[in-house]
Amino acid sequence: MPRRESPLQSEMVQGTLDMLILQTLVLGAAHGQTIAHAIERGSEDVLQVEHGSLYPALHRLQNRSWIAAFWGTSENNRKAKYYRLTPEGKRQLAAQTSRWEQLVRAIGRILNPVTEKQG
Amino acid sequence: MNWRRFFRRDASDVEQREELEFYVDLTAEEYVARGMDPADAKAAARKKLGNPTLIREAVYQMNTLTFFEGVLRDLLHALRMIRTKPGFSVPALLSLALGIGANIAIFTVINAVLIRTLPYPEPEKLVGVFNSAVFSGQVIKEWPLSLDAYAAYKENARSFEEFGVWTPGAAAVTGTGNPEQVATAAMTHGVLRALGVRPYLGRWFRSADEMQGAQKTMILSYKYWQRKFGGDGGVLGRLVVIDFIPYRVIGVMPRSFEFLNLAPDVFLAQSVAQGAPGSEDADYSGVARLKPGISLAQANQDIARVLSIWGAGNGLRQTLQQLQVKPNIHPLKQDVVGDVGAVLKILMGAAGYGAFACLRECCKPGAGEGTSPAWRVCHSSRAWRWLGANRLSSND
């Protein structure tokens, strides 16, 4: 399978991946593969999750106690490591989401001043 | 940040590997479901994952306590260098050890002599009592007292709570066992009272012990009591012949008692009546405990007054004036330490500098062969890995 290079991938803002992982886990516990798929499909394949950053990111979030890991059984009956959101992770997600939205609005105002005035 | 993960990072690595393995298998299955050849699917899945070792390393790095790990590694490196360059390391270590050892030895003395207070209750009130005088142009700062002067001070001084004089000596003990020579301190009854240390057994000297014709009395040091009498509790009241005069034992000083900087075996009651007027044998050191609230200056003033009374009383006024006799009352600590203090400070400075110089030489670049191991440990490996560690952990 050819590897699609997404233009956004290398420019992914620092910390965005963490936020996306947390958002994915709001719907319930999932293992790494599911999380990656969810992000890719949710973004209509614009965002490609680099696994070289996904697993370290999962570990980092775990160290910060924003997510917790447990061993479960996957759809195909294999032992898999699942991640779930902790209450602290939920708080972090809310904070990061609002910060992100602020950022987007701010950048939007600069890039599209006219649209902003009309709106 | 949880430091405990440092200890279970190997277990964590195994889990990480399992997780990545699971990912590869799952992705391969997906590819097969889409019609890919099973062998190719596995390879493609691995390709998509990227280098698993890099991932594991990144995670492993997060579980590392960089600082401790660095210290440990530096330590091991230093040990290896010490082993591989014994020609340099052994002299370096020896000179360090000697420097530090000398420093500790000197500090032990300094601590005992300068820093520690005198081992008596309220030591700041204790003073040495002497006179200063000028003999043919030479200032004698610590001219001892005569028994005559002692009597005058005892009679007239108002600033002393307790006051006594003493003189060191040596005497022969005969009569029990082999004759032996002992170090003595002959003292009036005020000395031990001024120091404020009560006997372990028996009592202090009294003024009655100093009367001419009274039974001569003595107090044993704890050490002498143990050595000579085997710590016999019935020693009180026994007679000991000292310089052919029988002395009655009236007490034993406690084990911890130190008599200034001396270690006399026995303390003898000084007969005061010996010092008949006109006896000018001035070889007694004075020790006193100041009354509460009395300063050194006040005490000196007080004794200056006493000196003039004394001089008027015995016709010595002229002599005293000629010799410019003035009281010299100073902290007792000065008597005990004397001029040793300054010498000790110089010695400590020298030894300290020696140790420092050794250390500096060892750490100099180019000491030993090529670059010194210590310097390398201190500077290069530490600094570089420090930078490296910070760069890596900045992602965290």
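For clarity, every value in this text was computed on a predicted model and none was experimentally measured. Each chain gets a letter, A, B and so on, in the order its sequence line appears, and its residues count up from 1.
- For the atom pair B:F22 CZ and A:K81 NZ, the distance stands at 12.5 Å (nearest 0.5 Å).
- For a residue to count as touching a neighbouring chain, one of its non-hydrogen atoms must lie under 4.5 Å from one of that chain's; by this rule B:L26 touches chain A with backbone and side chain alike.
- At a 4.5 Å heavy-atom cutoff, A:L54 makes no contact with chain B through either its backbone or its side chain.
- Within 6.0 Å of CZ in B:R255 there are 12 or fewer heavy atoms belonging to other residues, nucleotides or ligands.
- Residues B:I55 and A:P56 come closest through the heavy atom pair CG2-CD, 3.8 Å.
- Taking CD of A:Q48 as the reference point, atom NZ of B:K48 lies at 6.0 Å (rounded to 0.5 Å).
- Taking each heavy atom of B:Y23 and A:Q33 in turn, the nearest pair found is CE1-OE1, 2.6 Å.
- Heavy-atom distances place the side chain of B:S12, and not its backbone, under 4.5 Å from chain A.
- Among B:E18, B:E19, B:Q16, the residue with the largest count of heavy-atom pairs under 4.5 Å with chain A is B:E19.
- Between B:L49 and A:Y55, the shortest heavy-atom contact is CD1-CE1, 4.3 Å.
- A donor atom on one side chain and an acceptor atom on the other are found under 3.5 Å apart for B:E30 and A:H37.
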